[in-house]
Amino acid sequence: MNVNKAVKEINNALTNTVVEIYGDSGSGKSFIADKVAETKEFTLLIDSLMQRTQGSCYIVQTNDLMAVEDLVSEFDLIIIDDFFQLKGEPRDNIYKLQEWVYNNKKLSIILINQIRANFNERRPEKFVPYADYLLQRYADKRFYTEFKDGEYVVTQVK
């Protein structure tokens, strides 16, 4: 699906949920998440990569979820760019995010997750999204992005 349709589909998936957008570097993950943020009134971007200073939403540069926990109730959408960079264990982080969503019925979360080398010897894929084993189970919806034939292509995989 194209970007406009992807934004609409992701928006439809944002009903008190945790949504993952994953893909290779340069596949449009952040671009699409930013387009979704433009449709929301109160969005917080947790920039764990420490690269963004401006945008259409509130930006906090941290890789520690506890640093923003007091802010969570003020927002409709939280975007985390990049899930890989968060401090702590992925399982603990996803549980914390689910707790936020559970306790705040207006909140949804988008996790931006890059495909990386797979070090799990039990799986044959050479490259998978970070913490794929966990997010397959605990992300409510998952979208795969790629840049193909000069445009961003988004596919819903869960």
field: Which residues share a side chain to side chain contact (heavy atoms under 4.5 Å, CB included) with Thr15, sequence neighbours left out
entry: Thr17
statement: Contacts satisfying salt bridge (Lys or Arg N to Asp or Glu O under 4.0 Å) that involve residues 6-29 (not counting sequence neighbours) are Glu20-Arg142
- prompt: Any side-chain heavy atom of Leu71 sitting closer than 4.5 Å to one from Ile78?
  reply: no
message: Hydrogens and angles aside, do Ser48 and Asp82 bring a side-chain donor and acceptor to less than 3.5 Å of each other?
response: no
message: Could you check whether any side-chain N or O of Asn113 sits under 3.5 Å from a backbone N or O of Gly23, counting only pairs where one atom can act as donor and the other as acceptor?
response: no
- prompt: Sequence neighbours excluded, which residues qualify as ring-ring contact (aromatic ring centres under 6.0 Å, His included) partners of Tyr152?
  reply: Phe31, Phe147
message: Which residues pass the ring-ring contact (aromatic ring centres under 6.0 Å, His included) test with Tyr22, not counting sequence neighbours?
response: Tyr144
Using a 3.5 Å cut-off and no angle test, enumerate the donor-acceptor pairs between side-chain atoms of residues 35-42 and protein atoms at least two apart in sequence or in another chain.
unit_1	atom_1	unit_2	atom_2	d
Thr39	OG1	Asn11	OD1	3.4
Thr39	OG1	Asn11	ND2	3.0
Thr39	OG1	Val36	O	2.6
Lys40	NZ	Asn11	OD1	3.1

Lys141 side-chain N/O to Ile10 backbone N/O, donor-acceptor pair under 3.5 Å: no
task: Side-chain contact test, heavy atoms from C-beta onward, threshold under 4.5 Å: evaluate it for Phe84 versus Arg116 and give yes or no.
output: yes
field: More than 12 heavy atoms from other groups under 6.0 Å of NZ on Lys105
entry: yes
message: The criterion is salt bridge (charged side-chain N to carboxylate O under 4.0 Å, His left out); which residues satisfy it with Glu89, sequence neighbours excluded?
response: none
